[in-house]
Amino acid sequence: MSCSLRHETPLFPSRPAKFPKPRPEPPISLNSTTEPSFSSINPPHNPCQCQTSLFQCERWLVAISSSSSNSSCMASLPLPPNANLQTQLSFSKPTQTLSPNFHENHKSFQLSYKSHCHQISSLCKQGQIQEAVDLFTKMELENLQVQPEIYGELLQGCVYARDLSTGQQIHARIIKNGEFLAGNEYIETKLVIFYSKCDAYSVASRMFRMVSSKNVFSWAAIIGMNCRMGFCEEALLGLLEMLDSGYVPDNFVVPNALKACGALQWIGVGKGIHGYAIKMGYGTCVFVSSSLVDMYGKCGAMEDARMVFDGIPEKNVVTWNSLMVGYVLNGENEEAIKLFYNLRMDSVKPTQVTISSYLSASANIGAPDEGKQGHSIAVVEGLVLTAILGSSIINFYSKVGLIEDAELVFSQMAEKDAVTWNLIISGYVQVGKIDKALGMCRRMRSEKLRFDSVTLASLMSASADTSNLKLGKEGHCYCIRNNLDSDVVVASSIVDMYAKCKRIDCARGVFDSVTKADLVLWNTMLAAYAELGQSGETLKLFYKMQLESVPPSVISWNSIILGFLKNGQIDEAKDMFLQMQSLGIQPNLVTWTTLISGLAENGFGFEAIFAFQKMQEAGIRPNSLTIVSVLSSCIDMAMLQYGKAIHGYVTRHVLCGSVPLATSLVDMYAKCGNIDKAKRLFDMIEEKAVPIYNAMISGYALHGQAVEALALYKRLEEEGKKPDSITFTNALYACSHSGLVNEGLELFADMVSKHHLKPSMVHYGCMVNLLSRCGNLDEAFRLINSMPFEPDAHIFGSLLAACREHNNTDLTKYLSEKLLELEPDNSGNYVALSNAYAAVGQWDEVENVRHLMKTKGLMKVPGCSWIQIGEESHVFLAGDQSHPKIEEINLTLALLGSQILCT
DNA sequence: ATAGGGTTAG
């Protein structure tokens with residue numbers, strides 16, 4: 001899989017457009033070419049003393065009021081791009097001359113006036129604001145005296161349509177009318193409501209402060225606007241000020257105030273308002289009680305939310321939705337799902353909100369059947385597939401691993417936004433379909449949607465998963481150019497990307513550049529050091545985070561333990577394991593599994609098994625990873641009986657089905673000496689993955705059953721599966737163990753020409769071993785010369801092992817010098833060395849090598865629990881086929897010509 | 001009055 005972008009549309013544009021910060025309101029300047037903003041709108045105290053004139057500002061017509069002292073912009077009228085100023089002016093300023101037959105027509109004018117007003121009103125209610133304004137203009141042109149209510153209706157129409165610019169035109173005409181409408185409470189209130197609803201924050205609040213007549217409606221509008229725009233404290237302050245000035249917050253204000261409490265999680269204030277609402281008799285208002293349910297849910301008080309909910313006699317769908325949202329928010333997904341069931345039983349018609357929340361709950365607990373029902377109900381109910389509903393469905397399918405279904409919904413959606421795209425992208429990333437994710441990114445860009453921090457977090461995660469440093473760097477640069485790198489989530493993903501691409505220095509650089517690190521970011525950096533076994537750096541960071549008042553989570557502790565284990569510091573790891581518990585952090589599944597596998601990998605098989613028992617006593621259910629680690633310890637200790645017990649546990653707890661686990665079990669039986677049982681288990685597995693074949697082949701190889709091993713390799717090929725590098729290591733080892741030179745050579749050739757695999761040092765090592773064991777040292781040396789790399793210690797080890805046969809003192813001397821120069825890095829090589837000395841009878845040297853091994857702490861073959869150096873070597877091979885050093889282990893065994901000790 | 005997206009540990 002290639003993520004190269006060379007021949008594709010570049011994912012990240014090299015010269016991105018400036019990334020504008022979202023602005024609630026456009027800037028203003030009379031001589032600027034941009035749209036005027038409202039920040040400089042400064043309504044005069046007494047509009048009737050003002051004269052209003054109109055100026056054109058590029059495409060904008062601006063109403064300017066000139067009072068005696070200064071002139072300021074009052075409102076703006078957008079003009080169509082090619083509008084002629086003159087016509088526009090005459091259009092807005094009808095002549096004052098009366099038509100000659102005015103009086104004759106007066107009666108019919110009155111009739112048409114009424115019908116016009118009625119028509120305007122109904123047009124406004126239908127949301128046809130433009131048509132209403134046209135009719136209104138017609139009335140003005142006909143010199144009909146327009147009553148204040150009409151302006152109110154029109155403004156209300158603009159509120160429905162959220163049409164800011166048309167409302168501004170109405171405002172301008174109100175100002176033009178000067179004396180007639182000045183100080184009209186109804187109009188002023190409507191204007192405040194209009195600007196508030198359109199989220200024109202500064203105009204609305206300024207105007208509200210200016211108007212002489214405040215009332216419950218304008219207060220409600222201002223509080224609501226503050227709430228919507230996230231100024232929750234201001235909203236609540238408004239409520240207090242309102243009460244203070246003697247206005248009585250009604251059942252329209254209370255929901256907004258409750259919303260602010262919910263957003264701030266101020267449950268105390270929320271409860272106060274709850275009390276007020278009950279006293280005022282709003283308890284029966286479904287708007288108020290639904291808001292209470294929502295507020296308690298947002299504050300995490302689900303019992304209270306439920307109590308309010310249960311006390312509502314006439315619930316509507318919003319009430320149900322609010323409670324369900326609360327459950328989802330507080331992680332009580334099962335409750336949310338139960339509630340949906342009750343809602344259905346109550347014959348409540350679900351809305352998009354219902355389905356979205358229900359799907360969130362289903363996605364969170366990975367309940368495919370439940371979620372599918374939600375999708376079906378949405379279809380049956382004929383709900384429109386909006387961006388939000390569609391996104392919820394996509395999120396659900398991708399979280400339960402049904403990416404194809406997510407794709408289908410995605411293709412059906414007419415209305416997609418950045419969230420929709422981000423969901424499908426992260427869905428692909430999560431299932432490892434990185435190319436598809438990148439393709440979606442390109443499509444997203446071609447639809448003129450910009451990548452945001454969420455897109456980049458997914459992209460960085462994709463780069464991390466594939467160790468694609470090039471893509472990662474490009475993404476990082478994009479983040480810098482577009483100010484996305486200040487987002488901690490993005491920063492975490494960048495740090496993780498650099499760490500997984502083996503650039504710990506870059507990771508640390510990015511980490512250090514973040515000013516407000518959160519827990520996840522600290523944990524990301526800790527994990528990066530831990531993975532490398534840099535326990536010192538991990539620990540330093542661990543202390544540093546606490547100095548900066550970020551309390552470590554169980555994840556942080558897990559990294560500390562991992563760091564020590566990766567560095568072989570078993571005692572320190574165990575100490576940390578105890579420390580975390582004394583500080584009240586309970587080890588979780590990951591902690592136990594880290595500990596168990598760390599102990600196993602460091603050769604502490606008994607301790608690993610002991611820890612596994614402790615884990616069960618602590619009531620933590622192991623998963624397949626834990627079992628694999630324990631099995632590797634069983635193999636290590638050749639504890640067939642315990643391995644069988646684990647097998648029983650796996651069967652009882654239905655943990656089967658995992659490929660690594662099945663592989664491990666086959667491996668365990670094979671390596672613990674029960675090859676027949678291994679074969680029986682192997683045959684029982686229906687869908688056999690390549691690693692399971694590898695385990696079985698390795699088992700046969702270890703038992704010297706090379707013919708069976710090669711037959712299995714053939715079978716693997718016949719079944720159309722692709723042998724991998726480990727398959728060849730094991731099969732070559734079988735040949736080498738049984739001295740099957742021709743078969744080995746054939747395998748080696750197959751590997752290169754038929755399966756296009758590049759032999760690694762290990763494969764060359766196997767071949768050298770095979771050739772030299774069969775006495776064909778010339779061929780072995782020829783192969784070494786043809787290798788694309790310098791021979792390593794293993795190769796010399798192999799050759800040394802061959803010296804046992806030849807008792808060639810000179811060659812032993814030469815090879816052992818070479819090997820010692822290379823500083824043999826595992827005990828296998830030392831063993832080979834010592835065996836070679838033993839073969840030529842240099843027992844002093846044998847003792848020297850043993851001593852060397854002891855001082856280097858290498859008395860163990862990696863993954864092998866015990867060896868006996870000398871004429872006979874007994875080895876218990878540890879590790880399953882996914883052991884990180886499996887190739888080395890297999891080779892070491894080949895070197896040793898070891899015997900399996902059967903139990 | 002209610003709804004959708006991203007990052008960390010074995």
Side-chain angles (χ1 to χ4, degrees), chain A residues 224 227 251-252 254-256 258-259 262 285-295 297-298 316-326 328-329 351-360 363 386-396 398-399 417-427 429-430 452-461 464 484 487-497 499 518-528 530-531 553-563 565-566 588-598 622-623 625-626 628-629:
Chain A
C227 216
N251 55 342
F252 286 83
V254 167
N256 276 321
L258 287 170
K259 186 180 175 177
C285 170
V286 72
F287 277 63
V288 171
S289 45
S290 298
S291 300
L292 280 167
V293 171
D294 177 61
M295 181 275 293
K298 296 262 158 62
N316 67 13
V317 66
V318 177
T319 323
W320 288 88
N321 292 347
S322 300
L323 188 66
M324 190 150 56
V325 167
V328 175
L329 195 69
T351 63
Q352 306 206 19
V353 183
T354 324
I355 302 294
S356 294
S357 316
Y358 175 72
L359 285 171
S360 284
T386 59
I388 293 187
L389 180 61
S391 298
S392 309
I393 301 171
I394 291 175
N395 181 44
F396 157 70
S398 92
K399 290 277 151 64
D417 62 11
V419 174
T420 322
W421 286 96
N422 286 338
L423 272 164
I424 199 82
I425 291 165
S426 89
V429 171
Q430 271 153 31
D452 65 8
S453 53
V454 179
T455 327
L456 263 296
S458 290
L459 273 171
M460 290 299 96
S461 169
L484 300 178
D487 180 314
V488 268
V489 176
V490 171
S492 297
S493 67
I494 295 172
V495 169
D496 187 48
M497 178 276 294
D518 69 351
L519 177 62
V520 173
L521 184 60
W522 283 101
N523 283 346
T524 307
M525 199 63 231
L526 284 173
E531 180 60 36
S553 66
V554 63
I555 296 182
S556 328
W557 284 98
N558 290 348
S559 286
I560 289 293
I561 293 170
L562 180 72
L565 289 170
K566 287 244 169 178
N588 65 12
L589 172 63
V590 179
T591 322
W592 284 104
T593 307
T594 306
L595 186 69
I596 291 167
S597 75
N623 66 8
L625 226 71
T626 328
V628 167
S629 296

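Below, chain A is the first sequence line, B the second, and so on; all start at residue 1. Below, all heavy atoms of this structure are taken into account, side chains as well, without hydrogens, waters or symmetry copies. Source: prediction; values computed, not measured.
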Side-chain donor/acceptor contact of [X] with base of [N] under 3.5 Å:
X: A:Thr593; N: B:dG10; value: yes
X: A:Ser391; N: B:dG4; value: yes
X: A:Ser492; N: B:dT7; value: yes
X: A:Asn256; N: B:dA1; value: no
X: A:Asn623; N: B:dG10; value: yes

Report the C-alpha separation of A:Thr591 and A:Asn558 in whole Å, then their side-chain angles, then the decisive distance to 0.1 Å, and conclude whether the side-chain hydrogen bond (donor to acceptor under 3.5 Å, both in side chains) test is met.
-> CA-CA 5 Å; A:Thr591 322; A:Asn558 290 348; 2.6 Å; yes
Partners passing salt bridge (charged side-chain N to carboxylate O under 4.0 Å, His left out) against A:Lys399 (at least two apart in sequence or in another chain) |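 Residues passing salt bridge (charged side-chain N to carboxylate O under 4.0 Å, His left out) with A:Lys399: none at all.
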Does a nitrogen or oxygen in the side chain of [X] sit under 4.0 Å from OP1 or OP2 of [N]?
X: A:Lys399; N: B:dG6; result: yes
X: A:Asn588; N: B:dA9; result: no
X: A:Lys298; N: B:dA3; result: yes

Taking only residues two or more places apart in sequence or in another chain, which ones pass ring-ring contact (aromatic ring centres under 6.0 Å, His included) with A:Phe396?
->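 Here no residue qualifies.
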Stepwise side-chain hydrogen bond (donor to acceptor under 3.5 Å, both in side chains) test for A:Ser493 and A:Ser461 | CA-CA 6 Å; A:Ser493 67; A:Ser461 169; over 6 Å; no
From B:dG10, B:dA1, B:dG4, pick the nucleotide closest to the side chain of A:Val419?
->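 Given the options B:dG10, B:dA1, B:dG4, the side chain of A:Val419 is closest to B:dG4.
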Closest nucleotide among B:dA9, B:dT7, B:dA3 to the A:Gln352 side chain =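 That would be B:dA3.
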